[in-house]
Amino acid sequence: MGYAVVGYFDKETDERIRGLWQDLMINGVDDYLYHSENNPHIKFAMYENLEEVNIVDEIRSIAKQTKSIDVVFKSYSFYPNEQPFFNIDMAVSMELLRLQTEIREKCDKFSELLPIDFFDMGVWKPDCQLTREIDKTQLSNSVNCLYERKLPINGKLERIGLIKFHPAKQIVHFNLS
C-alpha cells in the first residue's frame, strides 16, 4: 500500500477534470480514476510507509500557512512505461514549487519514500493524472479523446491532503487559508 500528499482543486476545475476522466472511461481507455473514491489532484510526494499522525499534523500546519494557488493546466502528456499513463500538465509556478518543497521537507522525515525519483527537486513536475495504467493499444484512442478537450484550464489549488492507494482512498484534507 502506498500514500501520497496531494493537492485538490476548486469545484469547477475538479468537475472539468472529472469530465476528462469520464470521456476516457466512455471511450474505453481507463475507468479507474472515474470510479475511484478520490478527486482530481496533484501529487507532491509519494511514500511507501509513513507515520500517519505526524504527516496529518504537518499537512494541517502547512495548510494553515498557505494561501490558495492559481493553477493553469496547459498540456497533456504521458509516461511511456510498459503500461503508459496520461496526465494533464500544470504550468510551474514559484508557489507550487515552494509548496512541494515545504511538503517534502516536513513530511519526508516521518516516512519512507517510494523508490522513484519523480518527486525529487529538479525532477518533479506538477500534473494531474488522467489514467492509471493503460494498454498500449489505447494510446491513439487516448490522444484522440484528449485532443477534443481544449486547453488551457485555469483554476485554483484549494486544499491539501493525504491519500492511500490502491485502491485510492482519501484519508484527510485541509483547506488552504
Is there a path of hydrophobic side-chain contacts, each under 4.5 Å between heavy atoms of I/L/V/M/F/W/Y residues, joining Val123 to Tyr47?
no
Between Phe174 and Ile62, is any pair of side-chain heavy atoms under 4.5 Å apart?
no
Can you get from Met121 to Val92 by hopping between Ile, Leu, Val, Met, Phe, Trp and Tyr side chains that sit under 4.5 Å apart?
no
Is there a donor-acceptor contact under 3.5 Å linking the side chains of Gln138 and Asn141?
yes
Any Lys/Arg nitrogen of Asp57 or Arg60 sitting under 4.0 Å from an Asp/Glu carboxylate oxygen of the other?
yes
Gap between atom OG of Ser68 and atom CG of Leu157 - 0.5 Å precision
8.0 Å
Ionic contact status for Arg98 with Glu102, cut-off 4.0 Å
no
Please name all residues satisfying side chain to side chain donor-acceptor pair (under 3.5 Å) with Glu12, sequence neighbours left out, ordered by chain then number.
none
Just by modelled atom types, is the Asp23 backbone N or O under 3.5 Å from a matching donor or acceptor in the Asn27 side chain?
yes
Asn38 side chain to Tyr8 side chain, donor-acceptor N/O pair below 3.5 angstrom
yes
Above 12 or not: heavy atoms from other molecules or residues under 6.0 Å from NZ of Lys125?
yes
Does Tyr79 belong to the same Ile/Leu/Val/Met/Phe/Trp/Tyr cluster as Val29, with side-chain heavy atoms less than 4.5 Å apart forming each link?
yes
So Ile160 and Thr66, do their side chains get closer than 4.5 Å, heavy atoms only?
no
Any chance the rings of His41 and Phe9 have centres within less than 6.0 Å?
no
Output yes when Asp70 and Lys156 qualify as a salt bridge under the 4.0 Å nitrogen-oxygen rule, no when they do not.
yes
Is a side-chain donor-acceptor pair under 3.5 Å present for Thr13 with Asp10?
yes
Knowing that exactly one of Glu52, Glu58, Glu51 qualifies, which makes a side chain to side chain donor-acceptor pair (under 3.5 Å) with Asn54?
Glu51
